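It should be emphasised that the depicted structure is a prediction, and the values quoted were computed from it without experimental measurement.
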Amino acid sequence: MTFRPTDKARDVGTGSGIDRPRSDGSRRSGDHTDRTVADRDRTERVSSADGGSIAPDADRFVMAVAVDGEVLFAGPSMPGVIGVGREAVTGDDLLEYVHPNDRESVADALSAVATDRTVTHRIRHANGGFVWVESVVDEELAPEFGGRVVTARRVDVDRTFPERFRQFLEYGTDLVTVVDGDGRVRYESPSVEEVLGYEQGSTVGRSPLGYVHPDDRERVTERFYHALSDPDAAPTLEYRYRTADGDWVWLESQTRSLPGDDVGGRLLLNSRDVSDRKARERRLTDRNERLDRFASIVSHDLRNPLSVIRASMEMARLKDDTTPLARGERAVDRIDQLVTELLTLARQGSGIDEPTEFTLDGVVRDAWGTAGSSDATLLVDADARVRGDRGRLRQAFENLFRNCIEHGQDGPTAQTGLTVVVAATEAGFLVADDGPGVDPDHRERVFEPGVTTREDGTGYGLDIVREIVESHGWEVTLRDDAVDIGDIASEDTDVGGEHAPGAGDEIDGACFEVRAPDPEAAAEADLWIDR
């Protein structure tokens with residue numbers, strides 16, 4: 001049920017001005033019987049005049065209820081308060097609509113021996129939540145109905161949240177929630193629609209814990225019930241919460257115990273969406289982890305080649321021979337490669353700022369011009385367009401080509417010439433070679449930083465590929481099946497080498513596949529590959 005500043009409950013106090021003649025001819029004003037019968041008579045007149053339409057400002061309704069709880073008559077204002085039609089309620093047990101914790105007090109008020117016939121309780125709304133009403137039960141049976149007349153008025157709006165405070169909540173951006181002693185929502189501010197997408201009132205009567213992410217639920221449940229039971233507890237909780245669209249947002253909720261049930265609940269939660277902040281924290285954590293990785297590389301991987309350079313220089317000085325300097329030159333080359341890859345890794349923390357559309361063939365040829373080999377053959381299936389960061393994808397291809405060439409030289413293709421294939425697939429594209437492939441013992445770790453099977457390898461080439469692909473929101477995997485190159489070999493893409501397989505040949509070396517959405521599956525601004 002949505003509460004708006006115009007939803008003002010009307011005064012139904014004993015001074016309502018409704019009089020009825022007593023049996024001795026005098027008039028008596030304001031008792032329950034006179035007021036209820038007057039409401040009943042007024043309801044009947046409205047019902048007969050307009051065919052049962054709902055009063056536009058209805059905040060009360062009248063009904064006749066048997067002692068056993070059966071609804072004998074329901075006034076036309078009932079749907080306006082609880083959203084349930086009159087015909088649907090008539091003949092049902094009223095207690096089935098009352099909150100389980102309030103049924104005993106309502107049943108007592110309907111009984112013949114009750115002394116207090118005014119009871120405040122919750123009644124179920126058609127949206128699944130509960131609203132608070134004050135029900136006044138007529139002391140005398142109404143012969144025309146065969147039961148007692150009950151007048152109910154809604155009290156959750158004016159009683160729990162006065163008008164002057166509700167206007168602040170109406171325009172506030174934080175989500176304000178009040179829960180009762182059972183941990184169920186009694187009230188939620190209008191900002192629930194903006195923050196979570198739920199219609200205001202749709203979660204009233206339900207436990208908010210059912211919307212908490214399963215991974216956070218146990219932790220939140222423990223602290224939530226601790227706050228309910230301990231008035232001095234005021235925990236601040238961060239957790240994921242399900243939206244009306246089924247997505248998850250991070251909420252930060254500050255809790256505070258309320259002084260008593262007279263204010264409408266047991267616990268007040270002030271929540272705000274902190275998803276952007278959590279995303280920044282994740283990026284900062286990733287960057288810190290990357291810096292730790294850099295420190296490890298600098299302290300370990302660079303120290304070895306520097307020692308080689310120092311030893312080579314000392315040997316050349318002592319022997320007056322420049323031959324040992326060759327080892328130092330190779331060490332310098334290795335440092336240069338490490339520094340280059342470190343700089344590349346450092347840039348991976350940034351997002352894709354300005355994606356562009358380009359051809360797969362174009363970026364592959366540019367990368368091959370930098371990282372290819374005259375002893376290898378490149379075959380390209382050019383029938384694909386890509387939307388992404390062209391410069392960073394070129395880096396990914398360069399690292400994949402270096403990986404193919406370096407490891408391809410260890411197998412039989414070192415004698416016949418290596419073939420590297422780049423082809424579009426139904427899921428994205430693949431890069432494969434006909435080299436010796438990846439050792440089964442290392443397949444699960446090929447993308448881990450620092451993992452290499454070569455003495456002169458850095459172990460960061462494929463880690464760079466993984467980070468570039470994942471920064472696009474895509475996925476890269478190492479396939480374990482051979483690739484039938486089909487008609488790819490018929491393309492005029494031979495960049496070098498003498499060995500070129502024909503149609504129907506298979507590439508059974510290392511094969512890396514990148515999976516990405518196509519334009520139809522991606523939003524307009526997303527990154528995709530159009531096969």
*Check Leu527 against Gly388 and note the closest heavy-atom contact, atom names and distance.*
CD2-CA, 3.9 Å
*Nearest heavy atoms of Glu188 and Val192, plus distance in Å*: OE1-CG2, 4.0 Å
_For Phe224 and Tyr239: C-alpha separation, side-chain torsions, deciding distance, then whether ring pair (Phe, Tyr, Trp, His ring centres under 6.0 Å) applies._
CA-CA 12 Å; Phe224 179 76; Tyr239 53 94; 9.3 Å; no
*Closest contact, heavy atoms only, Trp474 versus Arg515*: CB-O, 3.2 Å
*Can you tell me how far CZ of Phe401 sits from CG of Asp433, rounded to the nearest 0.5 angstrom?*
10.5 Å
*Backbone N/O of Leu175 and side chain of Ser189: donor-acceptor pair under 3.5 Å*: no
*What's the shortest heavy-atom distance between Asp180 and Arg266, and which atoms?*
C-CB, 3.7 Å
_Just to verify, which of Phe429, Phe512, Trp368 counts as forming a ring-ring contact (aromatic ring centres under 6.0 Å, His included) with Phe397?_
Phe429
*Considering non-hydrogen atoms only, spot the tightest contact between Leu95 and Arg103 and give its length.*
O-NE, 2.9 Å
*pair Ser471-Arg392: side-chain heavy atoms closer than 4.5 Å*: yes
*asked:* To the closest 0.5 Å, what do you measure between CG (Asp273) and OG (Ser191)?
replied: 11.0 Å
*Using distance alone, with no hydrogens and no angle criterion, decide if Asp361 and Thr359 have a side-chain donor and acceptor under 3.5 Å apart.*
no
*Would you check if Leu393 and Ile468 make a side-chain contact, meaning some heavy-atom pair closer than 4.5 Å?*
yes
*Looking only at non-hydrogen atoms, find the nearest pair between Cys404 and Val431 and report the distance.*
SG-CG1, 4.3 Å
*asked:* Between Asp216 and Arg240, is the salt bridge (Lys or Arg N to Asp or Glu O under 4.0 Å) condition met? List the steps.
replied: CA-CA 7 Å; Asp216 303 330; Arg240 287 159 289 185; 2.9 Å; yes
_Centroid-centroid under 6.0 Å between Tyr241 and Tyr198 rings_ = no
*asked:* If you define the side chain from C-beta out and look only at heavy atoms, does anything of Val131 sit under 4.5 Å from Val204?
replied: no
*Pair Asp102 + Arg122, salt bridge at N-O below 4.0 Å*: yes
_Given 3.5 Å as the limit, does a donor-acceptor pair link the side chain of Asp182 with the main chain of Arg184, or not?_
no
*Do any pairs count as a salt bridge (Lys or Arg N to Asp or Glu O under 4.0 Å) and have a residue in residues 243-254, sequence neighbours left out, and if so which ones?*
Glu252-Arg277
